[in-house]
2 protein chains.
Amino acid sequence: MRIAVDGMGGDHAPKEIVKGCIECINEVDDIDIFLIGQKNLIEKELEKYAFDSTRIKIIHASEIITNEDKPVKAVRRKKDSSMIVGLNLLKERKVEAFISAGNTGALLAGSLFNLGRIKGIDRPAIASVYPTTKGISLLVDAGANAECKARNLLEFGLMGSVYVEKVLGKENPSIGLANIGIEEGKGTQLIKESFELFKKTDLNFCGNAEVRDLPKGIVDVIVCDGFVGNVILKLTEGVAMTIMSMLKEQFTKNFINKIGAAILKGSLKEFKKNLDYTEYGGAPLLGINGAVVKAHGSSNAKAIKNAIKQAKIFVEGEVVQIINREICRIGDENNAE
Amino acid sequence: MRIAVDGMGGDHAPKEIVKGCIECINEVDDIDIFLIGQKNLIEKELEKYAFDSTRIKIIHASEIITNEDKPVKAVRRKKDSSMIVGLNLLKERKVEAFISAGNTGALLAGSLFNLGRIKGIDRPAIASVYPTTKGISLLVDAGANAECKARNLLEFGLMGSVYVEKVLGKENPSIGLANIGIEEGKGTQLIKESFELFKKTDLNFCGNAEVRDLPKGIVDVIVCDGFVGNVILKLTEGVAMTIMSMLKEQFTKNFINKIGAAILKGSLKEFKKNLDYTEYGGAPLLGINGAVVKAHGSSNAKAIKNAIKQAKIFVEGEVVQIINREICRIGDENNAE
């Protein structure tokens with residue numbers, strides 16, 4: 001499978017991106033990589049490694065879309081950026097998937113402009129894994145659409161469900177609306193209307209998912225608008241980081257505490273691993289007519305490697321095609337009523 | 001000062017409520033308590049203690065509003081409930097403040113019906129303390145209004161600011177809009193419009209407050225709609241609890257870990273104290289024409305004691321009067337433009 005990777009996107013580009021590509025082809029046999037970016041910089045990084053050069057092809061792109069760029073403007077003007085060149089490779093079917101750790105808004109806008117939406121989907125969304133004590137949930141929308149209609153939330157649930165089943169390998173995933181209580185009728189007008197729409201489908205809809213219990217892994221697909229989704233992701237990260245740093249402070253406060261902490265070191269490491277995003281690959285853009293995966297901005301090589309592997313399953317699972325089929329089916333059923 | 005306390009509200013009523021009242025009068029000289037509820041039950045609890053009986057007066061109320069009651073219906077029908085009797089005491093100026101650990105929605109609806117709004121305030125809000133590494137922030141609205149207009153968020157900021165200054169004792173408190181990024185123009189339409197309104201005032205408005213950084217105590221007053229506010233509170237609690245239980249699991253996994261944890265016991269306790277709501281009293285209903293404080297549903301005696309002490313400062317700080325004055329001033333300034 002041919003997968004394109006944005007060599008210039010993310011905080012540690014191109015170094016960690018290139019390293020991640022190398023690690024990926026060493027681990028997985030049937031992936032060939034199109035690595036896009038400023039040729040001299042990419043080559044300089046590649047020189048560090050011994051690898052089968054037929055499996056990584058450099059595609060030169062002179063420009064870079066940075067995090068400071070305004071998404072729509074950047075997408076329109078920087079036609080020779082690594083991101084836009086990568087999306088065009090996907091559009092022209094020269095590759096089967098595209099991964100970028102760059103500007104999220106630009107990746108979303110660029111994907112919309114270049115690849116378009118899946119027919120029947122009104123609003124594509126970013127789906128992010130959400131680590132829980134019971135494994136991972138998928139959060140849709142994680143930040144693409146600050147304002148939504150009920151129809152959009154229904155689409156998010158459907159797309160998330162397909163992705164969890166086909167890529168994360170969980171059959172008949174449960175779907176819940178992120179809410180401040182489990183009773184029907186709780187929350188905003190948007191949630192109440194979405195609740196009604198979900199009830200009419202044959203999706204595995206479990207009603208409202210109390211946000212307090214999200215870290216316990218109560219549903220497989222957490223559905224919410226992009227503002228609330230981004231709040232959930234960032235606040236979870238913020239609280240976890242704050243608690244870890246408070247603990248660290250306690251654990252290094254004096255000699256005896258250091259001994260206690262040293263004893264627990266292995267366990268603390270295992271615990272931290274649960275919260276580590278690099279384990280989980282990237283965030284797929286669901287609803288885009290193509291397999292596009294957003295890797296975390298601070299991705300290291302391991303995160304990039306996992307994102308590429310995940311993109312492969314995304315393609316093999318025919319997620320785009322199945323979303324298209326399922327959204328048509330649900331639409332037909334509603335029309336038949 | 002005379003303060004009314006709902007003896008029947010909360011998970012541990014009347015036992016912990018009565019105990020909290022006793023502890024409070026033992027600690028603070030100039031508080032007399034009107035303890036409202038089913039006389040026989042309250043008396044039975046009071047019998048456990050030796051105390052100055054002139055300082056706690058039982059007011060009989062035959063009914064109880066439970067957490068299962070629908071707020072508006074309960075408020076209309078259960079006229080002789082401890083909650084409604086208490087609010088009426090406040091309305092008739094027989095007491096200067098009222099505290100309840102009961103049904104939040106009913107307390108809000110009952111306060112609106114019986115006491116009304118402060119003139120100039122469109123929507124009263126629940127203000128909750130939010131524990132951070134730098135002390136406490138105040139979160140407004142914590143859950144009273146799922147849907148808001150920009151004008152409401154401005155009011156929340158103003159009311160929160162007055163409360164933090166007068167009750168929590170922090171001068172010129174900083175105000176931030178809870179958002180998924182700090183740049184102006186981020187977030188929902190509601191937040192963008194609120195941002196514009198705040199900019200026109202002389203409040204200490206600091207712009208957007210990135211939710212990831214809320215646990216670090218970046219602003220004194222966190223402003224958001226009641227849905228997002230409730231998500232922030234509950235998710236913070238959920239993530240913290242989940243991490244604590246994951247740590248506990250690690251710490252008791254084997255003998256050597258238990259030794260490590262034993263060494264750190266004191267530090268872990270200190271750490272937990274930071275997250276303990278009982279330290280911080282209750283959540284004031286801001287914008288109501290009277291000093292009403294909602295104590296946590298699972299309040300123990302200490303939480304009740306602290307809520308009563310806090311209500312006293314609420315009254316002494318003339319929070320209601322100052323909110324009225326400030327909202328008029330801001331209104332006048334806008335009209336004068």
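FYI, side chains are in, hydrogens and waters are out, and symmetry mates aren't considered; it's all heavy atoms of this structure. Just so it is clear: chains get the letters A, B, ... in the order the sequence lines come, proteins before strands, and each one is counted from 1.
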More than 12 heavy atoms from other groups under 6.0 Å of CD1 on A:Ile182: no
Measuring heavy-atom distances to chain B, does [X] have an atom under 4.5 Å in its side chain, in its backbone, in both, or in neither?
{"X": "A:Val228", "value": "side chain"}
{"X": "A:Asp213", "value": "neither"}
{"X": "A:Thr133", "value": "side chain"}
{"X": "A:Glu210", "value": "side chain"}
{"X": "A:Ile191", "value": "side chain"}

Exam field: side chain B:Glu147 to backbone A:Gln189, donor-acceptor pair closer than 3.5 Å: yes
What are the two closest heavy atoms between [X] and [Y], and how far apart are they?
{"X": "A:Thr188", "Y": "B:Ala146", "value": "CG2-O, 3.9 Å"}
{"X": "B:Lys234", "Y": "A:Ile180", "value": "NZ-O, 2.7 Å"}
{"X": "A:Thr236", "Y": "B:Leu235", "value": "OG1-CD2, 3.5 Å"}

Rounded to the nearest 0.5 Å, how far does [atom2] of [Y] lie from [atom1] of [X]?
{"X": "B:Lys216", "Y": "A:Met241", "atom1": "NZ", "atom2": "CE", "answer": "5.0 Å"}
{"X": "A:Arg212", "Y": "B:Thr242", "atom1": "CZ", "atom2": "OG1", "answer": "11.0 Å"}
{"X": "B:Asp225", "Y": "A:Phe227", "atom1": "CG", "atom2": "CZ", "answer": "7.5 Å"}

